[in-house]
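Here the structure comes first, spelled out in structure tokens, and everything after it is commentary.
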Amino acid sequence: MTYTDFRLKIRRWFRKYSKLVLVLFLGWFTIFIINYYMNHQTVKPEPETTYEMHTSVIDTKSTVPVSIQDTIEKMISEYVGYCNEGNFQKAFNMLSEDCQKYEYDNNVVNFMQHVYTKMPTKRHHAVQNYSNTEYDGKKLYIYEIKYTDDLLATGLTNATYAFTSEKMVFYNENDEVKMNVGDYVYHSDIKKISENEYLKIDVIDKIANYSSETYQVKFSNRSNYTVVIADGVETDEINLVLPNETRQRGSTFDIVLNPQESQTYTFEFPKFMDDGDISQSLLFSSIRVMEQYSGTDEIAKEVIQSEIDNAISKFSMTVGL
């Protein structure tokens, strides 16, 4: 075959298959462009969400039993609906008897004041199981409820996003789901006593909220002297004892008993319900029995110290919980 014949043969082949070659070339070129674009495209990661309404935020392995999930959702929606409608009595009636009594003193007006702080206007709500724990053999399911403005109802536009929230607690009692609101968890009768010849301390009860414990304590001075339990002169006068630490009371005030006097006080300590610690005792570490006590207002330090040095007795007392 001559060179001329070879050229003619190639030319005839291209004439016959030119369209097919063009299609194949365009297809290959298109695939090449697409691959090039995809390889050089910045991939934006898709946001992931772990939102599960009935799975604990604190411990994602802990979930609320399926058997009561629908009941809890319905109770929350019904409660918020009553509050939004201003039907406070019906909302109040949904609460457990303990919550009504110990959180709101069986007074719907006190409950209304709580609602107004959480829902000053008509509100939407979002529900999330926050943590699950146990008290006295009873499973407690703690939810966080967030309230946001209903913009259609309020007419607010361009408003800064804001919300209020509270913890709601659900538990089974006699095959009925009970509900507590306002961060209230439970009430417990303590009825523990510590005493000596000078002083009797009676821890009456405890109210546990989600982030605090409040104790009601009665002090009885058995002596004919002044008994100082707390006046700010000593440090760490009243503490809640936990397994590995102590917690000081949230607010301070003087506790000074006259001879033969009895007084009842409440003490609030910071303590999260789901922190895994168990409150063990109350420690009153700086009790003084004083033959002479001038108080602490505008009294020279040397006078105070002199009276302390001459105290009839100085001791600490612990009341187990």
Side-chain angles (χ1 to χ4, degrees), residues 101-107 110 184 186-209 211-272 277-321:
K101 178 179 179 180
Y102 296 109
E103 185 69 9
Y104 302 111
D105 198 26
N106 286 325
N107 191 330
N110 295 336
Y184 172 82
Y186 68 85
H187 167 269
S188 175
D189 288 319
I190 304 293
K191 297 181 179 178
K192 294 292 182 68
I193 294 174
S194 181
E195 57 187 333
N196 61 23
E197 59 184 308
Y198 299 108
L199 181 66
K200 177 183 177 183
I201 302 177
D202 180 6
V203 180
I204 300 170
D205 63 2
K206 173 178 74 173
I207 293 177
N209 287 322
S211 59
S212 67
E213 291 183 351
T214 301
Y215 293 85
Q216 184 177 199
V217 182
K218 182 179 179 180
F219 300 93
S220 299
N221 184 354
R222 287 177 158 174
S223 74
N224 293 319
Y225 304 101
T226 299
V227 174
V228 180
I229 296 151
D231 62 356
V233 173
E234 303 286 349
T235 59
D236 296 339
E237 294 171 319
I238 301 174
N239 289 282
L240 176 68
V241 179
L242 303 175
N244 298 307
E245 63 175 314
T246 60
R247 303 273 177 87
Q248 296 185 38
R249 53 181 170 153
S251 58
T252 59
F253 45 85
D254 294 350
I255 305 175
V256 179
L257 301 180
N258 294 320
Q260 303 298 319
E261 181 183 17
S262 294
Q263 291 288 346
T264 300
Y265 298 87
T266 58
F267 305 100
E268 183 178 10
F269 301 91
K271 170 73 169 64
F272 284 97
D277 286 334
I278 298 176
S279 301
Q280 296 183 331
S281 60
L282 291 181
L283 172 62
F284 304 90
S285 60
S286 303
I287 301 171
R288 309 187 301 273
V289 180
M290 312 288 287
E291 187 171 17
Q292 183 177 357
Y293 182 69
S294 302
T296 58
D297 293 339
E298 301 179 1
I299 303 296
K301 290 185 178 179
E302 55 269 20
V303 174
I304 296 173
Q305 190 58 53
S306 175
E307 291 180 347
I308 294 174
D309 292 339
N310 292 300
I312 293 171
S313 181
K314 293 182 285 188
F315 54 89
S316 65
M317 294 180 71
T318 299
V319 187
L321 302 174

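Because only heavy atoms are used, hydrogens play no part in the values below, and waters and symmetry mates are left out as well, while side chains stay in.
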With a 6.0 Å cut-off (strictly less than), is the heavy-atom count around OH of Tyr293, excluding the residue itself, greater than 12? yes
For the residue pair Lys206 and Leu321, establish whether any side-chain heavy-atom pair is separated by less than 4.5 Å. no
To the closest 0.5 Å, what do you measure between CD1 (Ile204) and OG1 (Thr266)? 10.5 Å
Evaluate Glu195 against Arg222 for salt bridge (charged side-chain N to carboxylate O under 4.0 Å, His left out), listing each step before the verdict. CA-CA 9 Å; Glu195 57 187 333; Arg222 287 177 158 174; 2.3 Å; yes
Quick check: do Leu257 and Leu199 have side-chain heavy atoms less than 4.5 Å from each other? yes
Ignoring hydrogens and geometry, is there a side-chain-to-backbone donor-acceptor pair from Ser285 to Asp236 under 3.5 Å? yes
What do the steps show when you test Tyr265 against Gln263 for side-chain hydrogen bond (donor to acceptor under 3.5 Å, both in side chains), and what is the final call? CA-CA 7 Å; Tyr265 298 87; Gln263 291 288 346; 4.7 Å; no
Whether Phe284 and Phe219 hold their rings parallel, tilted or perpendicular, with breakpoints at 30° and 60°: perpendicular
Could you check whether any side-chain heavy atom of Ile304 comes within less than 4.5 Å of a side-chain heavy atom of Val233, counting everything from C-beta outward? yes
Test side chain to side chain contact (heavy atoms under 4.5 Å, CB included) on Asn209 and Glu103 and set out the steps. CA-CA 9 Å; Asn209 287 322; Glu103 185 69 9; 3.5 Å; yes
Quick one: closest heavy-atom pair of Ser281 and Gly320, and the distance? CB-CA, 3.9 Å
Assess the residue pair Gln216 and Asp205 against the criterion (side-chain hydrogen bond (donor to acceptor under 3.5 Å, both in side chains)); give the C-alpha distance rounded to whole Å, side-chain angles, the decisive distance to 0.1 Å, and a yes or no. CA-CA 6 Å; Gln216 184 177 199; Asp205 63 2; 3.2 Å; yes
Ignoring hydrogens and geometry, is there a side-chain-to-backbone donor-acceptor pair from Asn239 to Leu283 under 3.5 Å? no
Main-chain N/O of Asp277 paired to Lys271 side chain as donor or acceptor, under 3.5 Å: yes
Would a 4.5 Å heavy-atom cut-off, applied to side chains only, mark Leu240 and Leu282 as touching? yes
Would you check if the side chain of Glu237 reaches a backbone N or O of Asp231 as a donor-acceptor pair within less than 3.5 Å? yes
Looking only at heavy atoms, the pair that brings Val256 and Glu261 closest together is O-OE1, 4.0 Å
Ignoring hydrogens and angles, tell me if any N or O in the side chain of Arg247 forms a donor-acceptor pair with the backbone of Pro270 under 3.5 Å. yes
Intermediate values then yes/no, side chain to side chain contact (heavy atoms under 4.5 Å, CB included), Tyr215 and Ile238: CA-CA 12 Å; Tyr215 293 85; Ile238 301 174; over 6 Å; no
I need the Lys191 NZ to Asp202 CG distance, nearest 0.5 Å. 9.5 Å
Glu234 and Ile308, any side-chain heavy atoms less than 4.5 Å apart: yes
Heavy atoms, side chains only, cut-off 4.5 Å: are Ile190 and Ser188 in contact? yes
Just wondering, are more than 12 heavy atoms of other shown residues or ligands nearer than 6.0 Å to CD in Gln280? yes
For the side chain of Asn196 and the backbone of Tyr198, is there at least one donor-acceptor N/O pair under 3.5 Å apart? yes
Does Ser223 offer a backbone N or O that forms a donor-acceptor pair with the side chain of Gln260 under 3.5 Å? yes
Given side chains that start at C-beta, do those of Phe269 and Ser279 come closer than 4.5 Å, heavy atoms only? no
Could you give the distance from CZ (Arg249) to CD (Glu268), rounded to the nearest 0.5 Å? 12.5 Å
Say you draw a straight line from CG of Asn310 to CZ of Arg288; how long is it, rounded to the nearest 0.5 Å? 12.5 Å
Is there a side chain to side chain contact (heavy atoms under 4.5 Å, CB included) between Ile201 and Val217? Walk through the geometry before answering. CA-CA 7 Å; Ile201 302 177; Val217 182; 3.6 Å; yes
